[in-house]
Amino acid sequence: MTEQNQALESYEAQAKALVAKLAPALAAPRQAAFERFSRGGIPATRLESWKYTNLARALRSTEFRTLEEVGVLAGPDLLPAPLAEGAQRIVFVNGRFRRDLSAADLPDGVRIDSLQDLATSRPSEIEEIFGEGLEEPLFDLNTVLAEDGAVLSFEPGTIHDRPIEILWLSGLTQTPASFHPRLAIRLGAGAAGTVVERCHGLGDQSYFANAAGTISLAPAARLNHLRLNADSAGAIQTNTILVRLSREATYNGFLLNLGAALSRQEIHAWLEGEQAECRLNGAYLLSGAQHGDVTTRIEHRAPSTISRETFKGALDDRARAVFQGKIVVDPDAQKADGRMLNKTLLLSDKAEIDSKPELEIYADDVQCAHGATAGEIDNEALFYLRSRGIAEPKARAILVESFLADALDGFAVEALRPALDACLAEWLAARGTDEGTTK
Amino acid sequence: MTADTETVEQVRDLGERYKYGFVTDIEAETAPKGLSEDIVRFISAKKNEPEWLLDWRLKAYRQWLAMPEPEWAKVDFPPIDYQDAYYFSAPKLKEAPKSLEEVDPKLLETYEKLGIPLREQEMLAGVAVDAVFDSVSVATTFKKKLEDVGVIFCSISEALQKHPDLVRQYLGSVVPPADNKHSCLNSAVFTDGSFVYVPKGVRCPMELSTYFRINAENTGQFERTLIIADEGSYVSYLEGCTAPMRDENQLHAAVVELIALDDAEIKYSTVQNWYPGDENGVGGIYNFVTKRGDCRGRNSKISWTQVETGSAITWKYPSCLLRGDNSVGEFYSIAITNNLQQADTGTKMIHMGKNTRSRIISKGISAGKSSQTYRGLVKMGPRADRARNYTQCDSLLIGPRAAAHTVPYIESKNRSAQVEHEATTSRISEDQLFYCRQRSIPAEDAVALVVNGFCREVLQQLPMEFAVEAQKLVGISLEGSVG
Amino acid sequence: MLEIKNLHAEVEGKPILKGIDLSIAPGEVHAIMGPNGSGKSTLSYVLAGREGYEVTAGQVTFQGKNLLDMEPEERAGEGVFLALQYPVEIPGVPNTTFLKEAVNSIRKYRGESEVDAMQFLKLMRAKLKELGMSDEYLKRAVNVGFSGGEKKRNEMLQMAMLEPSLAVLDETDSGLDIDALKAVAEGVNAMCAPERSMLVITHYQRLLDHIVPDHVHIMVGGRIVRSGGPELAHELERKGYAEFVGKAA
C-alpha cells in the first residue's frame with residue numbers, strides 16, 4: 001500500500017501547486033474530489049465496474065511524470081488533415097491549449113475558452129464547471145489534476161452545422177508524461193452543433209491521458225459528437241464523460257476506438273427531461289495486444305425518453321475488448337424506450353471479448369431490450385465471396401466492413417461519413433498485410 | 001481402538017463439555033444452538049459417519065470461518081446470525097397430525113387451489129402415513145423397480161453406510177467446499193439429501209422425486225444432493241413441490257452436484273415454493289443454493305428446469321461445466337416475485353470442450369414491490385472450438401413498484417465459438433388484458449393466463465406431474481398483484 | 001476442359017466420394033443425377049474448394065492445371081463457377097459492390113485491366129436486361145430477403161457477369177416453381193457456348209427438359225454407376241433410382 005500512498009501524496013502536492021497557479025476558486029472542488037479519490041485510488045479489478053480492466057496494474061509498469069517535469073518537445077510542425085472539409089480546429093498538445101494552432105474565426109454564438117483563460121477572466125464559471133460531474137475515480141482524479149482544457153459553448157438558438165474539430169495531440173515528450181485535460185461542451189436552448197474530438201498520438205512515446213468532462217444540452221438542443229481515438233500504440237488513454245440531456249434534447253454520439261495500449265471510454269448519459277433522446281453508437285477495432293474498454297451508463301430519469309445504443313467491434317491478434325453497457329430506468333421514468341446492441345467479431349484465435357450488457361429497470365411501463373453476440377466471420381459467406389474470385393483477405397475485409405456498417409449508419413452525419421469509412425478501410429487494409437496472424 | 005469405541009469416546013467427551021455450559025445430553029435429538037467445531041463433530045458422530053467425512057467437514061468449517069460474506073448479488077438482507085440456529089434435529093419433532101382436520105386450514109386451502117390429490121395432501125401435511133394408505137406397498141414397488149435395474153436412490157446418509165466408496169469418489173468433485181461461503185457451510189453441517197447413481201446404459205424407469213425418498217427426513221436446511229449418471233444412462237429428478245413449505249429455519253443453504261459421464265443425461269427439475277414471509281416480508285426463508293452440473297463425458301447432457309416462487313430472498317445459479325466434447329447444458333427458469341421478495345438468480349455455462357452447446361431461457365415476473373435480477377455467465381474457454389450458446393431473458397413487470405434487472409456476463413476467448421444473447425423487459429400489454437376481460441375473464445385470471453403464455457417455453461420443459469401444478473402455482477403467486 | 005480421375009473425398013472423416021471418373025470437353029453440357037445422399041453436392045463443393053471437404057485420393061485437372069491445389073478464389077480466376085443450392089445471404093454488402101469486387105478480382109488474376117464504376121454499372125444493367133431482371137437488384141444486399149427464385153436468378157446474374165469456362169450448377173432447380181425454372185434455364189442456355197462447359201447437378205429430370213444435356217451420369221453412393229445420352233434421364237424418370245442403387249452396393 002505504500003506505493004498507493006506515495007502516488008496519493010504526489011497527487012495532493014500537484015493539486016496544491018495547480019491551485020496556486022490556476023485559480024484559488026478551484027481549491028474546494030479539488031479538495032473534495034481528492035478526498036473521494038483517495039478512498040479507492042486508481043481503479044483495479046476489485047471494483048465491479050473495473051472487473052475486466054486493470055488500470056492500476058497498467059499504470060504501475062511505467063513511470064509517468066508531469067509535463068513540468070518532463071518538458072515538452074517543440075512542434076508539431078505538421079498537423080494531421082482535418083476529418084471534415086472546412087472544419088474549424090481547436091488544438092491542444094498534451095492537454096494544453098495552443099491558440100497559435102487554433103482557428104480564430106468561430107461564428108457568432110459559438111465560443112471556445114481554455115481553462116486558463118476562464119481562470120483569469122471568469123473564475124466563477126470555472127468553479128461551476130469543476131463542481132459538476134461524476135463521482136467516479138478517474139473523473140475525480142481529473143478534477144484534482146487538470147491544468148488546462150476547453151469550454152465550448154453555443155448560445156441559445158445558435159445553429160452551426162459546420163464541424164468544430166477539437167484535436168488532442170499527445171506525445172512529443174522525452175520521457176512518458178501524464179496529463180488530465182478537462183472538457184465542457186454546453187449548448188443553450190434550441191442550439192445545434194457538430195463537434196469532432198480527435199485523440200491523436202504523435203511519435204512513439206507513451207503517455208497517460210486522463211480526460212474528463214461534461215456535455216450539457218439545454219431543452220431542444222442537438223449535438224452531433226464524434227470522438228475518434230487514435231492514440232499512440234504505447235499510450236494509456238481514459239476518457240470519462242457525463243452527458244446531461246434536458247427535455248427534447250438530442251445527443252447523437254459516435255465513438256471510434258482505434259488506438260492506445262489500454263483505453264477506457266466511460267460515458268454516462270442522464271436523460272433528465274421528457275422526450276430527450278440519446279443515441280450512442282460506436283465501433284472498436286483492436287489488434288496487437290491492445291485492450292479497449294467501453295463502459296456506458298444511460299439513465300432514463302424522466303418519462304418518455306429514448307435511448308439507442310449500438311457498439312460493434314472487430315478484434316485481431318491478441319487484442320481484448322470489454323463492453324459494459326447499462327440501461328437504468330428510474331421509477332418515475334415511465335414510457336422509457338431503450339435498446340442496446342453489442343456485437344463483436346473475433347478475427348483471430350487469441351482475441352478476447354468480455355461483454356456485459358445490463359438492464360436495471362424500476363418502472364413498469366417501459367420497452368427495454370438488449371442483445372449481445374460474439375463470434376467469428378461467417379464461414380459460409382466467406383466461401384461464397386472466394387468462390388466468386390475475391391481473394392481471402394479482401395473477402396474478410398468486405399465482411400468486416402459490412403458487419404460494422406450499421407453502427408456507422410446509426411450516426412448519420414453525412415459530412416463525417418467519408419472520414420469514418422476511410423479510418424475503417426485503413427484498419428482493414430493493415431489486417432490484410434499480416435494475413436498469417438489472422439488464421 | 002475400533003471405530004465404534006472411538007465414536008463413543010468422542011461423543012462422551014462432548015457430553016462432558018456440555019455439562020458445563022449446555023443443557024443437552026448425548027441422547028438428545030437436537031444439538032445445542034449455535035455453530036462450532038463441536039457441533040460439526042456432534043453431527044458426524046450422530047450420523048455414524050466414516051472418519052474421512054468428519055475430516056472433510058472440519059476442513060470445510062475452518063475454511064468457512066475465514067471467508068467473507070459474498071457481495072455479488074443484488075439483495076438486501078440483515079446480516080445472518082449463524083449462532084442463532086439449530087444445526088441438527090432429528091425428524092418429526094412435533095407430533096404429527098392424525099388427520100387432515102388437524103392441519104392448518106389455510107394450508108389446506110392452498111392444496112385445494114393447487115389441485116393436489118387428497119392423499120398427497122396428507123403426505124405433505126405430515127399426517128402419519130400408515131393411517132392413510134398403504135404407503136408401504138407404493139414405496140416397495142417403486143423401490144423394487146429401481147433395484148431391478150441397479151439404480152441406487154436413497155438418502156445420502158444411507159449411501160454413506162451402504163456405498164461409501166461411491167460417495168467418496170464423487171462428493172465435492174463438482175462443488176468443492178470452499179467454492180463459496182454458503183456451500184462451505186453446507187459442507188460442514190449438511191445433514192441429509194438425496195443420492196442417486198444410475199449404472200451404465202440404464203434409463204431410469206421413472207422420474208425420481210423427493211416425495212418418494214424412503215424415510216424422508218424433512219427437507220433440511222442444509223441438504224446435500226449428489227446424482228451420478230454413468231455412461232449411457234438417463235435420469236429425470238424432481239425436487240420440491242408446489243405446496244408452500246414452511247420451516248422454522250430461516251436459512252437454507254443446499255448444495256446439489258450432478259455428474260454426467262459419456263453419453264449420459266440428467267434432467268433436474270425444481271418447483272419450489274418456499275414461504276415468502278407475510279406481506280411485509282417478515283419470517284420468510286432465505287434460499288441460498290449452489291447447484292452445479294459437470295458434463296464430464298463426451299455427448300453428455302444436463303438440463304436444469306426450475307419454477308421458483310416464494311422465499312424472501314433467493315440466491316441460486318444452477319450451472320453447467322461443459323467439459324466433454326459435444327456436451328449440452330440447458331437452463332430453463334421461471335422466477336416469480338411478489339410483495340417484498342428479492343431474487344438474484346441465473347446460471348453459469350462454462351464451455352470448455354469442443355462443439356459444446358448451451359441454451360438459456362429465463363423468464364422473470366416481478367410484481368408488488370419485489371425485485372428480481374437475472375445474473376448469468378456464459379464463458380467460452382480458449383479450447384471451446386465451435387461451441388454455441390443461445391440465451392433469451394425476458395422480464396415482465398406487474399405494477400409500477402416492481403423492479404427487474406438483467407446482468408449477463410459474456411466472456412469469449414474462442415473465435416469459432418458463437419454467443420447470442422437477447423433480453424427484453426416490459427409489462428403485460430393493456431391490450432392483452434382488455435381482450436381477456438372482454439371475454440369475461442376476471443382481471444387476476446387474465447394476468448395468470450397471460451403470464452402462463454409468457455412462460456410457456458419453460459413450462460413445456462417440466463415433467464408432466466409438475467407442469468400442471470406449476471401453472472396453477474404461477475396464478476397463485478400473483479394473487480393480489482393486480483388492482 | 002475438366003478431367004476427374006478416381007476422386008475420393010471425405011467430410012468429417014466420413015467417405016462420401018468413392019472413386020469418381022468424369023471427362024468434360026469444351027462446349028459440352030453434362031448432367032449428374034442421383035438420389036439424396038449420393039454425394040452430388042459434395043462433388044460440387046470439392047470442385048469449388050470448400051473447406052471441410054478433404055480429398056483422400058484421385059486428381060482433378062482443369063484446362064491442364066491441377067485444380068485441387070488451388071484456393072477457391074484461384075479456381076474462380078481460372079474460370080470455375082459454382083451456383084450454390086442454398087445461396088448465402090450477406091447483409092450489409094450491396095449486390096453491386098459484391099459483383100464489382102468479384103469481376104475485378106478475376107480480371108486482376110487474369111492480368112486484365114479492371115473496370116471502373118461507370119463501366120461496371122453499364123455492364124451490369126445490360127445483363128440484368130438480358131436476364132429480364134429489374135434494376136432493384138443493384139441496390140439490395142446480396143440475397144437478403146430474396147425469395148428462392150430470386151436467389152437462383154442472382155446466381156445466374158453472377159454467372160453472366162463472371163463469364164466462367166466451367167459452370168457447376170448444384171440443384172439449381174430446387175425450390176423453384178415452373179416459371180422461375182424456365183427463367184433460370186433460359187439464362188443457362190443463353191450462356192451455352194463452344195468454349196464453355198456446364199455441369200448440371202439435379203435430382204429431378206424436369207430441369208433437363210429445358211436444359212438439354214449431351215451426357216447424363218447417374219451417381220449413387222459416391223460413384224457414377226451409369227452414363228449415357230439424354231434418353232438416360234427419361235429412363236430414370238420411368239424407373240426411379242432403385243435399380244441403380246442396387247448396382248452401387
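Naming: A, B, ... by sequence-line order, numbering from 1 per chain.
Contact record, B/Pro400 with A/Asp364: CA-OD1, 3.4 Å, taken as the closest heavy-atom pair. Among all heavy-atom pairs drawn from A/Ala363 and B/Leu397, the shortest one is O-CD1, 3.1 Å. The minimum heavy-atom distance linking B/Gln418 with A/Gly375 is given by the pair OE1-CA, 3.5 Å.
Inter-residue side-chain proximity for A/Lys356 and B/Val407 is flagged as met; some heavy-atom pair is nearer than 4.5 Å.
Taking 4.5 Å as the heavy-atom cut-off, none of the residues of residues 349-357 of chain B approach chain A.
Interface residue A/Ala351: only backbone heavy atoms are found under 4.5 Å from chain B. Contacts between A/Gln324 and chain B at a heavy-atom distance below 4.5 Å are absent for every atom of the residue. For B/Pro408, the parts lying near chain A are the backbone and the side chain together; criterion is any non-hydrogen pair under 4.5 Å. B/Ala423 touches chain A through backbone and side chain together, each having a heavy atom under 4.5 Å away. Looking at A/Phe323, neither its backbone nor its side chain comes within 4.5 Å of chain B, counting heavy atoms on both sides.
Most heavy-atom pairs under 4.5 Å with chain B: of the set A/Ile361, A/Thr373, A/Asn379, this distinction falls to A/Ile361. Chain B forms more heavy-atom pairs under 4.5 Å with one residue of A/Ala369, A/Ala374, A/Gly371 than with any other, namely A/Ala374. No other option in B/Thr424, B/Ile428, B/Val419 has as many heavy-atom pairs under 4.5 Å with chain A as B/Val419. Note on B/Lys413, B/Glu422, B/Arg401: by heavy-atom pairs under 4.5 Å with chain A, the leading option is B/Lys413.
Here the options are A/Ile377, A/Leu346, A/Leu345, the test is side chain to side chain contact (heavy atoms under 4.5 Å, CB included), and the partner is B/Arg415; only A/Leu346 passes. Screening A/Ile353, A/Leu315, A/Thr344 for a side chain to side chain contact (heavy atoms under 4.5 Å, CB included) with B/Ser412, the sole residue that qualifies is A/Ile353.
B/His405 contributes no side-chain N or O that, together with a main-chain N or O of A/Glu358, makes up a donor-acceptor pair within less than 3.5 Å.
Sorted by first and then second residue, the pairs that involve residues 360-369 of chain B and meet side-chain hydrogen bond (donor to acceptor under 3.5 Å, both in side chains), not counting sequence neighbours, are B/Lys363-B/Asp394.
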How far apart are the C-alpha atoms of B/Thr406 and A/His370, what are their side-chain angles, what is the distance that settles it, and do they pass the side-chain contact (heavy atoms from CB on, under 4.5 Å) test?
CA-CA 10 Å; B/Thr406 312; A/His370 72 218; 4.0 Å; yes
